[in-house]
Structures are given as structure tokens and as C-alpha cells.
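See below for the structure under consideration.
All residue numbers in this chain count up from 1 along the given sequence. Every heavy atom of this structure was used, including side-chain atoms; hydrogens, water molecules and symmetry mates were not.
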Amino acid sequence: MSHSNIDNTAASRQVNTPDVRFLLLPLPEFSLLPFGGFLDKLRFSADEEDYSQQQYCTWQVVGLEAGHLLSSSGVSVEIKTTIDEIALADYDYLVVFGGRSARSCQQLPKQYHDLLHLAAAKGVTLVSIDNACFLFAAAGLLNNHCVAVHWRHVPEFRTAFPRIEIRTEQLFCIDRKRISCAGGCAAIDLAVELLARHCGRTKALKGLADMLVDEAREQRHQLKSLDTHIQINNSAKRHIGRAISLMRQRLASADTVDKLADKLAISRRQLDRQFKDCFGQTAREYWNEMRLQHLHWRVVNSDHSLQYLADEVGIQDVSYLCKVFRKRFGCSPNSLRTPKLFT
């Protein structure tokens, strides 16, 4: 064999050896947004052009069984490869995309627990997206690790797993061989971070403009809490944004607005004035509305008892919860859960 042929063979082998390999495992009723965002970011970074050729990174969508898996939006994804057909040790990451209900993720069959433990034993880094963190925690795989949880599910996670440290203000959290992501578009940011670590920043950022994403956000990026059309000074915007973040973290807390203002190093009166200018509500009214909206969402999207949900928003008495719920939404919580028959 000539030297040129040897060189070509070596170059071909180098091109065909990926820098990083992903297994993608969507759970029943998984959310399409983080799944599609993460997958498309891999696709854009996979080659030099836009041919979806898996050169620099590879991925495989897998499931416990072959067939069509329904997402939370009703759109299904075809699972062609089962987990039994692949060698876990050949992959760097197992990325698990959570389902619509945190509780359903927490109560998945033991086969999922066995799979995660086997992958961890093989040295694969485990990644939970959205509510998949409930599965990881239930399987005992987040002990002595920090976890990023979507703000809407923080009270539920904290109640179920009080010993696990939650990072409430992070898009994602990388803690050794455990990685967690709050979900949504943050899955794109996480994909960029992981690709940058293995393929370099240039390849990781490739395609963001095509995805109409302005820039990749760091894991500690603060979400904007205000509508962009609201015209207030930067100082007030910073105070209100921080206050809203604290309110989300403390839905079940007995903290008063006065304590909130103390944490922000401003007066209660000043905080109320800023909320009035921005939202036409006092800080307390805004916080109460946030709790009620969270309660409404949880009533519709979970099967937890009303007492359980009351605890999440700091209401001790269920009868009082039903009273304020009816006053705000014009119906009882249970009426939203009663199946309606149509003729």
C-alpha cells in the first residue's frame, strides 16, 4: 500500500470517529420542545455542512420497546432501536427526556431504574431533561448530587426528595456524572455546552443562527421575568426580576413581602411601587396570583390530592383553598378533574 493510501485511510478513520456519542431516551408522554431542540442542535453540529451526517457527534434514539411513542402533544416518534440492541459502553451520554407528569416519571417501571443503573455502571454520564429528574431521584441516582429543576416543579420535587439539593436558578446543572436540565429551550443550551466540551466551541455553536437562537446561554443564565415592552428603569427591572425569582422559589413559604424586600435591600414600599408601575398590582397581590396560577396548572396537570397541592402553595386548609380557587377561577378544583361526558 502506498503512503498516500495509508494517509487517506488514516484521515478517513479520523473523520469517521465521532468526538461524542449520545443515546436519547424519550419517556412516555415526553415533551417535544426539549427533545427536538436537543436533537436538532446535535444535527447541526454533526458535520461541516447541513447534511445531518453523524461525523463529529452521533446519536441514537432508543426505547425499552420498539414502536411509536406518544409525546405530550399527541405527536409520536418511532422507536426503531431498543435498549437491548445497543452496547451502553459505546456511548458517552444517556439523555432522558421527561414526560408530561412529574409523578408518572417518578412511578415508571423498575426496568427504567435498572437501565439507568446499568448505564451508570458502564461509565455513561446520565442526563435528565425536564421531569426526568424525578425518575433519576426515585432510582436513587441523584443522592449527593445537585439537580436543576423546572421552577414549576420545585415544590413537588422538594416534597418528594427533601435531601436532594435543588438549583432553582439554573437552566442546567453539571455535577460530575449527573447532568440535569430544567427543560424547554434550555435543552439547546445544554447541547451546546456538551458539544463544546467534546467538539470545540466552533462546532458547538454551528447552526444556532439557523435555529433562530441569538446566543447560547450559560447554565446560570437568569430568565427574563418581565415582558420586553414594559418601560421601567434598569434598577427597578433588576429588583422585580429578582423578586419574581424568589417568589417562584418560595411558593410554599410563609415569608412575607417585607422579608422579600429585605433580601433585595429595598423597602417594602419601594417594591410595591415598582410592582404597581409594572403590573398594576402590589407585590403581595402578584405573589398570590402566582400561587393561584400554579395551583390551577397543578390541578389540571396532576392527580395529587388537594391537600398535597395546598402544601405546595403554603395553604394549610383545603376548604380555604377551594374557596379562594372558586373566587379566582369561578369553579371548584375538583370540577376541573371530573370527566365530562359529551352526547
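Shown here are the side-chain contact (heavy atoms from CB on, under 4.5 Å) partners of Asp317, two or more places apart in sequence or in another chain: Ser319, Tyr320. With sequence neighbours left out, the side-chain contact (heavy atoms from CB on, under 4.5 Å) criterion links Cys146 to Glu165, Arg167, Cys173, Asp175. Here Tyr112 pairs with nothing under the ring pair (Phe, Tyr, Trp, His ring centres under 6.0 Å) rule; sequence neighbours left out. Checked against side-chain contact (heavy atoms from CB on, under 4.5 Å), Ala191 has the following partners two or more places apart in sequence or in another chain: Phe38, Lys41.
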Please set out all donor-acceptor pairs under 3.5 angstrom arising from side-chain atoms of residues 156-163, sequence neighbours excluded.
unit_1: Glu156; atom_1: OE1; unit_2: Arg298; atom_2: NH1; d: 3.1
unit_1: Glu156; atom_1: OE1; unit_2: Arg298; atom_2: NH2; d: 2.8
unit_1: Glu156; atom_1: OE2; unit_2: Arg298; atom_2: NH2; d: 3.4
unit_1: Glu156; atom_1: OE2; unit_2: His304; atom_2: NE2; d: 2.7
unit_1: Thr159; atom_1: OG1; unit_2: Pro155; atom_2: O; d: 2.9

Pair up each side-chain donor or acceptor in residues 202-214 with any protein partner under 3.5 Å, not counting sequence neighbours, and list the distances.
unit_1: Lys206; atom_1: NZ; unit_2: Phe44; atom_2: O; d: 2.5
unit_1: Lys206; atom_1: NZ; unit_2: Asp47; atom_2: O; d: 3.2
unit_1: Lys206; atom_1: NZ; unit_2: Glu49; atom_2: O; d: 2.5

Ignoring hydrogens and angles, write down the donor-acceptor pairs under 3.5 Å from the side chains of residues 129-140, residues two or more places apart or on other chains.
unit_1: Asn131; atom_1: ND2; unit_2: Gly99; atom_2: O; d: 3.2
unit_1: Asn131; atom_1: ND2; unit_2: Arg100; atom_2: O; d: 3.4

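Judged by the 6.0 Å distance and 45° axis criteria, Arg152 is positioned over the aromatic ring of Trp297.
Residue pairs meeting the ring-ring contact (aromatic ring centres under 6.0 Å, His included) criterion with at least one partner in residues 241-273, sequence neighbours excluded, are absent. Sorted by first and then second residue, the ring-ring contact (aromatic ring centres under 6.0 Å, His included) pairs with a member in residues 165-217 read Tyr93-His198; sequence neighbours excluded. Residues in residues 22-34 take part in no salt bridge (Lys or Arg N to Asp or Glu O under 4.0 Å) pair, two or more places apart or across chains. For residues 50-66, the set of pairs meeting the salt bridge (Lys or Arg N to Asp or Glu O under 4.0 Å) definition, not counting sequence neighbours, comprises Arg43-Asp50. Within the structure, salt bridge (Lys or Arg N to Asp or Glu O under 4.0 Å) contacts touching residues 280-291 (residues at least two apart or in different chains) are Glu289-Arg328.
To the nearest 0.5 Å, atoms CG (Leu126) and NE2 (His117) are separated by 9.5 Å.
Closest approach of Leu115 and Ile83 over heavy atoms only: CD1-CG1, 3.3 Å.
Salt bridge Lys110/Asp114: present, at least one basic N to carboxylate O contact under 4.0 Å.
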For this session: Could you go through the side chain to side chain donor-acceptor pair (under 3.5 Å) check for Tyr56 and Glu48 one step at a time?
Result: CA-CA 9 Å; Tyr56 304 118; Glu48 293 292 351; 2.5 Å; yes
